[in-house]
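A short worksheet on the structure shown next.
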There are 2 protein chains.
Amino acid sequence: MSQGGSSAGPDSGDAGGSGNSGTSPLAGLSGARVLLDRTSTVSKLADALRAQIIEGGLPPGTQLAEHAAAKELGVSRNTLREAFRLLAHEGLVIHEPHRGVFVRTLDAGDVRDIYTTRRLVECAAVRTEGPPPRAVAEIRAAVETAEAAVAESRWHDVGTADLRFHSAIVALAGSRRLNDMTRRLLAELRLVFHVMADPHRFHEPYVHRNAAIATLIEQGRTREAAEALTAYLDDAEAQLLGGIAERTRDRRR
Amino acid sequence: MSQGGSSAGPDSGDAGGSGNSGTSPLAGLSGARVLLDRTSTVSKLADALRAQIIEGGLPPGTQLAEHAAAKELGVSRNTLREAFRLLAHEGLVIHEPHRGVFVRTLDAGDVRDIYTTRRLVECAAVRTEGPPPRAVAEIRAAVETAEAAVAESRWHDVGTADLRFHSAIVALAGSRRLNDMTRRLLAELRLVFHVMADPHRFHEPYVHRNAAIATLIEQGRTREAAEALTAYLDDAEAQLLGGIAERTRDRRR
DNA sequence: CTTGCCGGATTGCTCAACAATACGTACGGT
DNA sequence: ACCGTACGTATTGTTGAGCAATCCGGCAAG
């Protein structure tokens, strides 16, 4: 369902570290831990706000007044401020001293910056030697989810599956930190998607290209996969920059 | 001076965007903006704590009790909690619900994770085509700083210059976000440096290799530079893992 | 049209309090 | 001596109110 995008916040950093060197007799419980509602108000608050921002319920530029928002959300101002600090650190929101926090507005420079990072990270991840089979499978799964969503015209889910695809690509590198960075990067990127007139025409053509890239990866043709990915990212970037230019022009008149 | 490491926090994200399209008659003021002490208590607090943690004044595992720390630092508990949220998001500190915040202890898995990320990002950054000359110059400057520090046996500064070198390498890619990620990654890494018996013997041998890599980059021999960098990172990782294993063994007995 | 000033509104930060949770310890049973 | 339980204490989680600092809008004066 559409709430799939919520995901666990990048917060609450996985305390003990990923070490957990095999020999523990209690493996298999780490998954159940998240079920135990051990999430603070601040985390839930940040998740809710993040979801709202990503979903477009709070358009870029919106000011989030502390007093009003706190009353609206039924939490204290102090608690809300802690959540704001998290979101600001993630770049979803900017915090202007003595002015307030605003939903981040990304400009052309930001888009170029994000895609520069993506090109570097994703292409390098694709070339990882001996990637974990689990990650490769996840890529294929994301493609299939996207194709199913296209078949049923669930355009929003198409976009979600697309981001899942790219997360899976980065996961080829097998680094938790790289995954976290990517999650944040893609969350930022969703802020830009809203400038596209109709998102489905934006995401739909990329599904086929994703499938092709997935196949190349499965076949171990990493060089070709990286090239296809670069082309993919270049096109998406250009399209987003076009969308931004258009919006800017409209705004000007 | 040893306080050189402070630097501006990765906080307060550069609001307006890098646009500022030339024609403004008031250029030259954007530089003066930082002089205007527009930093909140939370930012300064986070900077201070970050510096203390990085410098080793607060060893990994140390608990930072809110009440005591707030009184010690002369700030409110709420303000301190906001700073803690930032540091937790950066990974320098972990926040265990209802237990408190502790200076992060990195294990072998974390070191591997960090170096996996560094290998991917730094090597890819080195291969950037047409890097800004400014970034190349910064690399050379970092090398020279390191060499000067070695000559005068300022080992702490050698370590700082080394990290500056690697930041400069990532800057070749020309992405602000990538730079920020790297800054955080290297800050985390400093937590591990403290496990090395004597840091100077750890950093010193790498200075020559940095110089060689810098030369390769200046000559545009990016492939060789990337290979040298990979070898460099592999060695450093192995050495750190050895240090951690040793510490673990000591701790056990 | 610019400059200076003022009042209202918002944020930055503090303080104090209470509820919820974790930890150490003493107690009792076996 | 071992184990589980209950309890008291300390710490964290969250709230609410309050005041100083700062920003924004409008208005008057030059």
Side-chain angles (χ1 to χ4, degrees), chain A residues 9 11-13 15-16 29 32-49 58 61-89 92-104, chain B residues 8-9 11-13 15-16 24-26 29 32-49 58 61-89 92-104:
Chain A
D11 186 26
S12 77
L29 287 189
R33 192 158 205 167
V34 296
L35 273 301
L36 227 49
D37 189 11
R38 286 226 160 295
T39 78
S40 65
T41 302
V42 174
S43 291
K44 283 185 283 192
L45 203 49
D47 288 348
L49 288 170
L58 299 169
T62 307
Q63 176 164 15
L64 300 151
E66 294 186 354
H67 188 69
K71 206 168 63 179
E72 187 73 23
L73 293 164
V75 298
S76 168
R77 238 182 95 211
N78 288 319
T79 303
L80 186 63
R81 284 173 62 87
E82 287 188 36
F84 280 166
R85 279 253 139 71
L86 288 185
L87 296 177
H89 206 259
L92 291 184
V93 127
I94 81 173
H95 188 138
E96 301 192 35
H98 289 287
R99 299 215 336 117
V101 317
F102 303 80
V103 178
R104 183 88 186 268
Chain B
D11 188 24
S12 78
S24 165
L26 287 182
L29 287 189
R33 192 158 205 164
V34 296
L35 273 300
L36 229 49
D37 188 10
R38 286 224 159 297
T39 77
S40 65
T41 302
V42 174
S43 291
K44 283 185 284 192
L45 202 49
D47 288 347
L49 288 170
L58 299 169
T62 307
Q63 175 165 16
L64 295 109
E66 294 186 355
H67 188 70
K71 206 169 63 179
E72 187 74 23
L73 293 163
V75 299
S76 169
R77 240 182 92 209
N78 297 79
T79 303
L80 186 63
R81 283 173 63 87
E82 288 188 32
F84 280 165
R85 285 274 194 242
L86 290 185
L87 296 177
H89 206 262
L92 289 185
V93 127
I94 80 174
H95 188 137
E96 300 191 36
H98 288 285
R99 299 214 338 116
V101 315
F102 304 80
V103 178
R104 183 87 186 266

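On a predicted model such as this, the values are computed, not experimentally measured, just so you know. Every chain is numbered from 1, with letters handed out A, B, ... down the list of sequences.
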Measure all distances between protein nitrogen or oxygen atoms and nitrogen or oxygen atoms of nucleotides 13-16 of chain C, and list the pairs falling under 3.5 Å.
unit_1 : atom_1 : unit_2  : atom_2 : d
C:dC13 : OP1    : B:Thr41 : N      : 2.3
C:dC13 : OP1    : B:Thr41 : OG1    : 2.4
C:dT14 : OP2    : B:Ser76 : N      : 3.0
C:dT14 : OP2    : B:Thr79 : OG1    : 2.4
C:dC15 : N4     : B:Asn78 : OD1    : 2.8

Just how far, in rounded Å, is [atom2] of [N] from [atom1] of [X]?
{"X": "A:Glu96", "N": "C:dT10", "atom1": "CD", "atom2": "P", "value": "16 Å"}
{"X": "B:Phe102", "N": "C:dA22", "atom1": "CZ", "atom2": "P", "value": "13 Å"}
{"X": "A:Glu66", "N": "C:dT10", "atom1": "CD", "atom2": "P", "value": "11 Å"}

Task: Phosphate OP1/OP2 of C:dT11 contacted by A:Gln63 side-chain N/O (<4.0 Å) - done: yes

Open item on the list: It should be established whether B:Arg99 places a side-chain nitrogen or oxygen under 4.0 Å from OP1 or OP2 of nucleotide C:dC23.
Closed with: yes

In Å, rounded to the nearest 0.5 Å, how long is the span from [atom1] of [X] to [atom2] of [Y]?
{"X": "A:Glu82", "Y": "A:Ser40", "atom1": "CD", "atom2": "OG", "value": "8.0 Å"}
{"X": "A:Leu87", "Y": "A:Ile94", "atom1": "CG", "atom2": "CD1", "value": "13.0 Å"}
{"X": "A:Ser43", "Y": "A:Leu86", "atom1": "OG", "atom2": "CG", "value": "7.0 Å"}

Task: Pairwise side-chain contact, B:His89 with A:Arg85, heavy-atom cut-off 4.5 Å (strictly under) - done: no

- [ ] Kindly indicate whether the side chain of B:Val103, heavy atoms from C-beta on, has any atom under 4.5 Å from the side chain of B:Leu92.
- [x] no

TODO: Report the residue (B:Val101 or A:Pro97) whose heavy-atom-nearest nucleotide on DNA chain D is the more 5′ of the two.
DONE: B:Val101

Open item on the list: Quick check: closest heavy atoms across B:Phe84 and B:Val93, and the distance to 0.1 Å?
Closed with: O-CG1, 4.4 Å

TODO: May I ask you to check whether B:Thr79 and B:Ser76 show a side-chain donor-acceptor distance below 3.5 Å?
DONE: no

Task: DNA chain D: 5'-most and 3'-most nucleotides touching chain B, 4.0 angstrom heavy-atom criterion - done: D:dT12 to D:dC23

- [ ] Count the heavy atoms of every other residue, nucleotide or ligand shown that sit under 6.0 Å from CD of A:Gln63, and state whether that count exceeds 12.
- [x] yes

